[in-house]
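Okay, so here's the structure we're looking at.
For this chain, numbers begin at 1 and follow the sequence in order.
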Amino acid sequence: MIHSAQETLVNGTLYVVATPIGNLADMTLRAFAALSRCDLVLAEDTRVTGSLLAAYGISKKLVSLREHNEREMAERVIGWLQEGQCIVQVSDAGTPGISDPGARLAAAVWEAGLKVCPLPGPSAVVTAMSAAGLETGQFQFAGFLPPKSGARKKRLESWLNADYAVICYEAPHRILDCVTDAVAVYGSERRLILARELTKTFETFIRTSAGELLEIIKTDSNQQRGECVLIIDAAPAKEEEDEVPAATLQLLSQLIASMPIKQASGIVAEFSGVARKKLYELALEMKKNAESDEN
């Protein structure tokens, strides 16, 4: 059942509200209603949120809640909620708590026995992934990568053989260094997608190999501007070797004589590096041949 867009606010509730990441028309009806009817708004930057509210003709008391004061502000917010106020939290753009302040406050409000209500909407993570055209149904959101090259490469290396996509946020002044490190770690052929300035006038998607993306960024300074989302595609599937070493086959043959095929295949796979499924199929064939010889 689809409910009315008219948002009925409940006293003593913290509303976590997603706001546009670029295009003002992406404000949801529920977000507009909540911002219009709440008692106060917690904002990452009161100037940014003030401009957003002014664009919609909304005037509200704004209180700054940033990463550095989130723990300190939590007690005050809980006090206001206990008094029965309806409070909305927003970040500068997108969904609070996703690489933005919000998670600590939400945890504190829950622990105080009060309610946190999410109003879903714009998110750069989902926006980028929805248009990326990647066939993998799995992805990991990694937030911002470390700013220093050494730590960044180490983080990138952890996804060298990942069978899922990885989504990162990156600052425009670091995107060139980031992609340079990606090429150093993954080589030139790993597919990367740069989604830049999402929902804004100069929205850009570049979907290509790591090496080519690096050249594009080097030669086009515009690709080093604005908000950047970098998607690292899943690692290419490794082709299974047709030939299984004789020693591996011998070990498998010995083990299936004294234990279940599934267990024997798992043990040999762990020590040989040959795919468990392939060993299981070979073990079945061995068992079948052995039974035929006995008959």
Side-chain angles (χ1 to χ4, degrees), residues 16-28 31 43-56 64-68 70 89-103 119-134 139-149 151-152 155-156 159 165-182 191-208 210 212-233:
V16 180
V17 177
T19 53
I21 59 177
N23 192 321
L24 286 178
D26 289 335
M27 174 79 85
T28 70
E44 186 178 1
D45 186 327
T46 56
R47 294 165 299 179
V48 172
T49 300
S51 297
L52 174 68
L53 298 185
Y56 283 94
S64 176
L65 188 141
R66 296 171 174 268
E67 184 178 1
H68 74 274
E70 190 172 356
Q89 185 196 7
V90 298
S91 58
D92 287 348
T95 303
I98 310 299
S99 288
D100 277 328
L119 271 61
S123 167
V125 179
V126 177
T127 302
M129 192 63 186
S130 68
L134 301 182
F139 68 87
Q140 173 185 327
F141 173 56
F144 284 95
L145 292 173
K148 294 186 177 180
S149 180
R152 185 167 53 231
R155 191 80 182 277
L156 291 169
W159 303 311
V166 178
I167 305 177
C168 308
Y169 288 162
E170 191 52 278
H173 64 277
R174 286 199 299 265
I175 190 63
L176 177 59
D177 291 339
C178 178
V179 175
T180 298
D181 287 346
R191 179 158 58 187
L192 301 180
I193 296 169
L194 175 62
R196 193 177 59 81
E197 291 290 81
L198 291 171
T199 79
K200 300 175 184 176
T201 302
F202 298 105
E203 176 181 276
T204 304
F205 273 85
I206 302 176
R207 187 175 185 272
T208 186
E212 185 174 348
L213 178 59
L214 179 58
E215 290 305 311
I216 291 172
I217 294 173
K218 282 181 176 179
T219 57
D220 183 359
S221 61
N222 286 326
Q223 305 311 322
Q224 299 179 48
R225 297 177 181 175
E227 302 298 325
C228 300
V229 179
L230 183 69
I231 302 178
I232 304 163
D233 198 2

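- For Ala132, the side chain to side chain contact (heavy atoms under 4.5 Å, CB included) test picks out Leu134, Ile193, Ile231, with sequence neighbours left out.
- Residues that satisfy the side chain to side chain contact (heavy atoms under 4.5 Å, CB included) test with Ala210, not counting sequence neighbours, are Val183, Leu192.
- Annotation: salt bridge (charged side-chain N to carboxylate O under 4.0 Å, His left out) contacts of Glu44 (sequence neighbours excluded): none.
- Residues Met27 and Leu52 have side chains in contact (heavy-atom distance under 4.5 Å, counting atoms from C-beta outward).
- Counting heavy-atom neighbours within 6.0 Å of Lys148 NZ, excluding the residue itself, gives a total of 12 or less.
- The side-chain hydrogen bond (donor to acceptor under 3.5 Å, both in side chains) test applied to Asp45 returns Arg47, not counting sequence neighbours.
- Qualifying side chain to side chain contact (heavy atoms under 4.5 Å, CB included) partners for Gln224, counting only residues two or more places apart in sequence or in other chains: Ile175, Leu176, Ile217.
- Panel note: side chain Thr95, backbone Pro122; a donor-acceptor pair is recorded below 3.5 Å.
- Rounded to the nearest 0.5 angstrom, Glu170 CD and Leu230 CG are separated by 8.0 Å.
- Contact between Phe202 and Glu197 at its shortest, heavy atoms only, is O-CB, 3.8 Å.
- Taking both residues in full, the closest heavy atoms of Gln89 and Pro96 are given as O-CG, 3.7 Å, listed atom of the first, atom of the second, then distance.
- Annotation: side chain to side chain contact (heavy atoms under 4.5 Å, CB included) contacts of Val126 (sequence neighbours excluded): Ser123.
- For the side-chain hydrogen bond (donor to acceptor under 3.5 Å, both in side chains) test, no residue two or more places apart in sequence or in another chain qualifies with Asp177.
- With sequence neighbours excluded, the residues satisfying side-chain hydrogen bond (donor to acceptor under 3.5 Å, both in side chains) with Gln140 are Tyr164.
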Donor-acceptor pairs under 3.5 Å, side chain of residues 16-26 to any protein atom, not counting sequence neighbours: which ones?
| residue | atom | partner | partner atom | Å |
| --- | --- | --- | --- | --- |
| Asn23 | OD1 | Ala25 | N | 2.9 |

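- Looking at heavy atoms from C-beta onward, Leu156 lies in side-chain contact with Leu145 at the 4.5 angstrom threshold.
- With sequence neighbours excluded, the residues forming a ring pair (Phe, Tyr, Trp, His ring centres under 6.0 Å) with Tyr169 are Phe141, Phe144, listed by chain and number.
- With a 6.0 Å radius and a threshold of 12 heavy atoms from other residues, nucleotides or ligands, Glu67 has its CD atom at or below the threshold.
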Item to check | Pair Val229-Ile167, side-chain contact (heavy atoms from CB on, under 4.5 Å): steps then yes or no | outcome: CA-CA 7 Å; Val229 179; Ile167 305 177; 3.6 Å; yes
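- Applying the salt bridge (charged side-chain N to carboxylate O under 4.0 Å, His left out) rule to Arg225 yields no partners; only residues at least two apart in sequence or on another chain are considered.
- For the salt bridge (charged side-chain N to carboxylate O under 4.0 Å, His left out) test, no residue two or more places apart in sequence or in another chain qualifies with Glu227.
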